[in-house]
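Here the structure is laid out as structure tokens; the discussion comes afterwards.
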Amino acid sequence: MKEKEQAMTKRFEGKVGIVTGAGSGIGKATIIRFLEEGGIGVAVDIVPERLEALKTELATKGLSVKTVCGDLIADETIAEIVSAAGDRIDILVNNAGIMDDFVPLAELDDELWHRVIAVNLESVMKLSRAVIQKMLPMGRGSIVTVASAASFKSGIAGSAYVASKHGVAGLVKSMATIYGPKGIRSNAVAPGAVATNIMDPNKVPRGAATMQELGMNLANVGTVGQPEQLAAPILFLASEDASYVNGVVLPVDGGWVAR
């Protein structure tokens, strides 16, 4: 089947889905494909210009999306997202996240630690908690969270990021165990190196020496993935095609974790 024909299957016809970090990268690729496959979407991002650009791009495809701009750590942002979704929420994609500048523990300040844990882990907890409360009366739903290769191995980021993504993996499995019997599945994808703006290519990381010590380079990482290559497995896990998949943290990394 051709790629365009695959994209135009209507797996998500009438389904309401939320995607965070939807203004760029993996989140943008995911919300676009979700809408192309018939979904009704809420796109969330902290940068308003990204959301405006997304709406403009979608309009050229004859598609539209509700948008929420805000910091996922704020309770009012969580409430606004749930309100924007309306009476039902079928799918949540927790994609938003930040890097930690590869800072090792001895050099890690409290501000960076708290911010990385807040964005990468606490916000996933807060939004998932709110969404599950909407899914429980329906007796069904699917939550897909973007974890990381750093959910499995330590030598690929700084201490805060690795800790946050290990925490994400644990939270995903806990949700799967508790809410799977109630019809709500929880899974994650674990990307390796993906061409997104999570790291500023024009900025030298504070932990650059640590990167060198860990051998962090393209030869070590392998092939750099594209956002669309993550959107596909994310939406597989979100869809009824994965109705018997629950509690999985799926590496989507070109084999990086296997090496």
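Count residues from 1 along the sequence. This is a predicted model, so every value here is computed, not measured. Below, all heavy atoms of this structure are taken into account, side chains as well, without hydrogens, waters or symmetry copies.
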Residues pairing under side-chain hydrogen bond (donor to acceptor under 3.5 Å, both in side chains) where one sits in residues 164-179, two or more places apart or in two chains, turn out to be Asn120-Ser164
| message | Do Val47 and Leu54 sit in one hydrophobic cluster, given that two such residues count as connected whenever their side-chain heavy atoms are within less than 4.5 Å of each other, even indirectly? | response | no
Looking at Glu37 and Arg33, is any side-chain nitrogen of the basic one under 4.0 Å from a carboxylate oxygen of the acidic one?
yes
Is there a donor-acceptor pair closer than 3.5 Å between any side-chain N or O of Asn187 and the backbone N or O of Val245? yes
Worksheet item: Do Arg140 and Met135 come within less than 4.5 Å of each other through their side chains, counting heavy atoms only?
Response: no
Margin query: Please tell me whether Val82 and Ile40 are part of a single hydrophobic cluster in this structure, the criterion being side-chain heavy atoms less than 4.5 Å apart.
Written below: no
Smallest heavy-atom separation, Ala149 atom then Gly192 atom, equals CB-CA, 4.3 Å
Correct closest heavy-atom pair for Pro191 and Ala147 would be CD-O, 3.4 Å
Whether the side chain of Lys126 engages the backbone of Ile73 through a donor-acceptor N/O pair (distance < 3.5 Å, no angle test) should be reported. yes
- Message: Please evaluate residues Ile26 and Val189 with respect to the criterion side chain to side chain contact (heavy atoms under 4.5 Å, CB included), reporting the C-alpha separation (whole Å), side-chain torsions for both, the decisive distance (0.1 Å), and the verdict.
- Response: CA-CA 11 Å; Ile26 295 168; Val189 297; over 6 Å; no
Short question: side chain of Arg185, backbone of Ser239 - any donor-acceptor pair under 3.5 Å?
yes
Donor-acceptor side-chain pairing of Thr30 and Asn95 below 3.5 angstrom:
no
For this session: Determine, stepwise, if the pair Leu230 / Val146 fulfils side chain to side chain contact (heavy atoms under 4.5 Å, CB included).
Result: CA-CA 9 Å; Leu230 271 296; Val146 177; 6.0 Å; no
| In one Ile/Leu/Val/Met/Phe/Trp/Tyr side-chain cluster, 4.5 Å: Val103, Ile98 | yes
Result for salt bridge (Lys or Arg N to Asp or Glu O under 4.0 Å) between Arg115 and one of Asp100, Asp110, Asp109, Asp71 points to Asp71
Value for NZ (Lys182) from CE (Met175), rounded to nearest 0.5 Å, stands at 15.0 Å
- Query: Are Ile91 and Val93 close enough that some pair of their side-chain heavy atoms sits under 4.5 Å apart?
  - Reply: yes
Review point. Is there a path from Ile184 to Ile78 through hydrophobic residues (I, L, V, M, F, W, Y) whose side chains come within less than 4.5 Å of each other?
Key: yes
What one should report as the nearest heavy-atom pair of Leu108 and Ser159 is CD2-CB, 4.5 Å
Candidate pair Ile117 and His114, rule side chain to side chain contact (heavy atoms under 4.5 Å, CB included), full reasoning
CA-CA 5 Å; Ile117 295 297; His114 288 306; 6.0 Å; no
Check: Asp90 side chain, Val16 main-chain N or O, donor-acceptor pair, under 3.5 Å:
yes
So OG of Ser24 and CD of Glu49: to nearest 0.5 Å the spacing works out to 12.0 Å
The single option from Ile143, Val144, Thr145 that satisfies side chain to side chain contact (heavy atoms under 4.5 Å, CB included) with Leu92 is Ile143
Side chain to side chain contact (heavy atoms under 4.5 Å, CB included) test vs Thr20 passes for just one of Val44, Asp45, Val68, Thr77, namely Val44
Between Thr9 (side chain only) and Arg11 (backbone N and O only), is there a donor and an acceptor less than 3.5 Å apart?
no
- Quick check: are there more than 12 heavy atoms from other residues, nucleotides or ligands sitting under 6.0 Å from CD of Glu111? no
Q.
Closer than 4.0 angstrom, basic N to acidic O: yes or no for Glu36 and Lys61?
A. yes
**OP:** Keeping the roles fixed (side chain from Thr60, backbone from Glu57), state whether a donor-acceptor pair exists under 3.5 Å.
**Re:** yes
When you measure from the side chain of Ser83 to the backbone N and O of Ala79, does any donor-acceptor pair fall under 3.5 Å?
no
So Leu72 and Val119, do their side chains get closer than 4.5 Å, heavy atoms only? no
- prompt: Side chain of Lys15, backbone of Ile89: donor and acceptor closer than 3.5 Å?
  reply: no
- Same cluster or not: are Phe152 and Met99 linked, directly or through other Ile, Leu, Val, Met, Phe, Trp or Tyr residues, by side-chain heavy atoms under 4.5 angstrom apart? no
**OP:** Report yes if the side chains of Phe34 and Val19 come closer than 4.5 Å at any heavy-atom pair, otherwise no.
**Re:** no
Does the pair Ile81 and Ile18 meet the rule for a side chain to side chain contact (heavy atoms under 4.5 Å, CB included), with working shown? CA-CA 8 Å; Ile81 293 167; Ile18 298 166; 3.7 Å; yes
Original post:
Do the side chain of Arg50 and the main chain of Lys28 share a donor and acceptor less than 3.5 angstrom apart?
Top reply: no
